[in-house]
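One structure below.
Counting starts at 1 for both ligands and their atoms, following the listed order.
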Amino acid sequence: MENKFTSFLVLLLCFVINLVNSEYYHSESIVSMAPHNSVAHLHFYYFDIHTGNNPSAIVVAQANQTTLSPTFGNVYAIDNPLREGPEETSKIIGNAQGLYVSSSQNKDDVTLTMYVDYAFTYGEFDGSSISIISRNPVKEHTRELTVVGGRGKFRMAVGFAEIRTHFLNVTTGDGIIEYNVTLFYY
Ligand SMILES: *[C@@H]1O[C@H](CO)[C@@H](O)[C@H](O)[C@H]1NC(C)=O
Ligand SMILES: *[C@@H]1O[C@H](CO)[C@@H](O)[C@H](O)[C@H]1NC(C)=O
Ligand SMILES: *[C@@H]1O[C@H](CO)[C@@H](O)[C@H](O)[C@H]1NC(C)=O
């Protein structure tokens, strides 16, 4: 009796797995062997400055052809300061170094796909950094970026950043972006 019941359960399970496998996704609850045991919330402002004598974001490559979107294909290198507040005089707490590429062909959309390491140089997380690889549809009011890892205290971290444009000069591209980062780490 018990055996029959077990067989029935196994069959049912196979059937369910089959159903689920026909989609491109599958998710289930797992018991994690090594759950993250710390969570950090970071709040700072990212200064993306293209103008002046000392721009922190510069174009390093662009397409030699006209496309629907005038910026599609532009690659930018950045060394952007991270500050505590949105004022230019606010304390620098780190810097964001890396690349982003204008990745949407749609002229009504501006998406930057970001490959950036955000390092902290002050306070509790001085010497640690987080890595973001994510698309950033800049016209949306609030965007979510993926944190894929980190260094130092953020070794093996995962998380996400919610970001919002605090200031943007559409002529120059200069922007100040507010970040709220949630990180799970060990
Ligand atoms: C860039 O495009 C122009 C106009 O089509 C062409 O004359 C030139 O050779 C191209 N340069 C490169 C490096 O492809
Ligand atoms: C960040 O969090 C603060 C406090 O909860 C909130 O006031 C602010 O609107 C948030 N900003 C973003 C970009 O999520
Ligand atoms: C944007 O930048 C241009 C060029 O520097 C400047 O003339 C204009 O006043 C700026 N606009 C804002 C809103 O800061």
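Selection from Asn169, Val170, Thr171 by nearest heavy atom to atom 6 (C) of ligand 3 gives Asn169.
Among protein heavy atoms, atom 5 (O) of ligand 2 sits closest to Asn180 ND2, 4.9 Å.
There is no side-chain donor-acceptor pair under 3.5 Å between Thr111 and Ser104. Side-chain atoms of Asp174 and Thr51 include a donor-acceptor pair closer than 3.5 Å. Side-chain atoms of Tyr100 and Asp48 include a donor-acceptor pair closer than 3.5 Å. Side-chain contact check for Glu178 and His43: at least one donor-acceptor pair (N or O, by modelled atom type) lies under 3.5 Å. Using modelled atom types and a 3.5 Å distance limit, the side chains of Arg164 and Thr142 yield a donor-acceptor pair.
There is a protein heavy atom closer than 4.0 angstrom to atom 9 (O) of ligand 2.
Taking 4.0 Å as the cut-off, Thr51 does not count as a neighbour of ligand 3 on heavy-atom distance.
Taking any N or O of Thr142, backbone or side chain, none lies under 3.5 Å from an N or O belonging to ligand 2. On a distance-only criterion, Arg164 and ligand 2 share at least one N/O pair closer than 3.5 Å.
Relative ring orientation between Tyr179 and Phe44 is described as parallel, the plane-to-plane angle staying below 30° on a 0-90° scale split at 30° and 60°.
Atoms of ligand 3 found under 4.0 Å from any heavy atom of Thr172, numbered from 1 in the order shown, are 2 (O), 4 (C), 5 (O).
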